[in-house]
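Worksheet for the structure shown next.
We're numbering straight along the sequence, starting at 1.
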Amino acid sequence: AWQAILFGSTLLLSTLAGVHAANSPKHSEFRSKLQTTLNQHLSQLLKDDGSVVTLKGKTAKGEEALTFYLMFEASGNETFRLAALDLADQVLKDMRAMKFGVLPIKEKEKPGGQIIMGGGPPALGAYASALAYILHQEGGRSNDLKYLATVIDQFPWNENGWWASTIDVRTGESKLPMTQPTIINKNAGMAKAAGILSFYLRDIDPKLAASLKQKTDQCIYRQILPVQEADGFWHYNLTGNDPENKDVLGYFMLTTKELMDLQHFNPAYREARLNASLKKAQAFVANQIAPMAAPNKPSIRSHRATRDTPKRYSLKEDAKRSYQLGLILIGSEYAEEGIKIMNAALEHFPTGNVGQDGSHAAEPSALILSEL
């Protein structure tokens with residue numbers, strides 16, 4: 001009991017320190033700059049009649065819908081709320097047009113050579129989570145929330161604690177045998193969606209909510225947390241393999257972000273085990289990745305980097321990493337470093353971009369503003 005009290009006291013002191021820092025003139029200036037940038041971006045995505053321009057990319061609609069809604073909550077701008085609902089309803093319509101509710105991404109080759117139209121995480125986790133939050137906040141959308149939860153609950157699942165990496169959107173079958181563990185960021189994305197929906201479904205459908213929570217817990221506590229290395233790092237695979245042709249640090253940041261997002265939207269996961277694991281991951285980001293990111297001059301190269309990890313995360317070539325990095329650092333005890341990186345990134349924000357470059361910058365930026 002005393003350890004729990006001590007942990008809670010430490011967490012409270014850390015939170016109070018963060019609140020004090022967030023109210024400093026420097027942080028107020030950053031918040032203002034961030035909100036202005038996002039307002040400009042979203043305004044350029046709107047037509048004269050208030051409707052949203054055509055967006056491109058497998059996650060752009062969902063991410064921009066969440067950005068519009070978070071910015072509505074920050075500013076009270078009703079036009080942003082209507083835009084968020086329009087995009088959310090578009091994604092819902094597209095999902096309902098698919099037999100299993102999973103949007104197609106691209107053609108994939110199964111073992112044996114069969115070509116399928118693939119879809120699934122991490123995109124599925126992203127747009128399902130975004131829609132879940134918007135519809136929950138709006139109220140009166142129980143049927144739609146239950147539909148989203150059913151899509152996630154019926155997605156192929158292994159009882160050992162992982163979801164399929166990709167399915168054939170026409171048959172619902174996994175691209176790979178379900179005995180093969182899925183890479184970690186895809187599992188984290190699905191855990192985020194399942195965990196958030198389990199929270200919102202508690203009163204709507206307790207049985208479905210319990211199923212989603214059980215899967216979330218199985219994935220996080222039996223798979224993701226146990227394979228974290230002592231330095232806080234998660235490998236690309238649950239099995240500990242890091243392919244040389246992948247930017248494994250980028251996938252690590254995405255995994256960390258997904259788990260932080262889960263805590264943001266479902267307070268039940270702001271608990272000791274996940275808090276401790278994320279604190280280690282955040283320290284790894286601060287010590288091993290931030291020094292490799294602009295505007296810092298590269299002083300080290302992480303010992304976890306692979307051949308395809310950039311020598312430096314630049315503000316132009318790797319823009320989305322800057323915003324993921326900023327979110328992780330500002331959401332932890334490294335806010336000063338995160339604000340420095342974000343201030344530099346905002347100078348190159350892809351304002352008005354209708355594709356994933358725009359949405360990948362906007363969504364974490366809106367989440368940062370929501371946290372602050």
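- In this structure, E63 contributes its side chain and E363 its backbone to no donor-acceptor pair below 3.5 Å.
- Atom CE of M117 and atom CD1 of I115 lie 10.0 Å apart (nearest 0.5 Å).
- Counting non-hydrogen atoms of other residues, nucleotides and ligands closer than 6.0 Å to CD of E29 gives a total of 12 or fewer.
- For the pair Y269 and L259, the minimum side-chain heavy-atom distance is 4.5 Å or more.
- In this structure, the side chains of Y323 and M342 come closer than 4.5 Å at one or more pairs of heavy atoms.
- In this structure, N343 and I339 have side chains that are in contact, with non-hydrogen atoms separated by less than 4.5 Å.
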One pair to check against salt bridge (charged side-chain N to carboxylate O under 4.0 Å, His left out): K99 and D168. What are the steps and the verdict? CA-CA 11 Å; K99 185 175 181 180; D168 183 334; over 6 Å; no

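- Proximity of a side-chain donor or acceptor of T36 to a complementary backbone N or O of K33 within less than 3.5 Å is not detected.
- Put simply, the side chain of N241 does not reach to within 4.5 Å of the side chain of Y236, judged on heavy atoms.
- By the 4.5 Å heavy-atom criterion applied to side chains, E371 and I330 are not counted as neighbours.
- The aromatic rings of Y133 and Y200 sit tilted, their planes meeting at an angle between 30° and 60°.
- With sequence neighbours left out, the side chain to side chain donor-acceptor pair (under 3.5 Å) criterion links K58 to no other residue.
- Inter-residue side-chain proximity for L249 and F233 is flagged as met; some heavy-atom pair is nearer than 4.5 Å.
- Environment of CZ in R170: sparse, with no more than 12 heavy atoms of neighbouring residues, nucleotides or ligands closer than 6.0 Å.
- In this structure, the side chains of E336 and H27 come closer than 4.5 Å at one or more pairs of heavy atoms.
- With sequence neighbours excluded, the residues forming a salt bridge (Lys or Arg N to Asp or Glu O under 4.0 Å) with D153 are K215, listed by chain and number.
- A 4.5 Å side-chain heavy-atom check between L315 and E347 finds every atom pair outside the cut-off.
- Scanning all heavy atoms of the two residues, the minimum distance from K110 to I116 falls at CD-CG2, 3.6 Å.
- A donor-acceptor contact shorter than 3.5 Å is absent between the side chain of R304 and the backbone of V248.
- Linking ILVMFWY side-chain heavy atoms closer than 4.5 Å, directly or via other members, places I183 and I220 in a single hydrophobic cluster.
- For an aromatic pair to be called close, the ring centres must be under 6.0 Å apart, and F265 with F199 fails this.
- By the 6.0 Å contact criterion, CG on N245 is enclosed, its count of non-hydrogen atoms from other residues, nucleotides or ligands being greater than 12.
- Judged by distance alone, with hydrogens and angles left aside, the side-chain atoms of Q356 form a donor-acceptor pair with the main-chain N or O of T59 at under 3.5 Å.
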Any chance you could lay out the salt bridge (charged side-chain N to carboxylate O under 4.0 Å, His left out) test for K257 and D261, step after step, and finish with the verdict? CA-CA 6 Å; K257 175 191 178 297; D261 286 353; 2.6 Å; yes

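- No donor-acceptor pair closer than 3.5 Å links the side chain of Y127 to the backbone N or O of M95.
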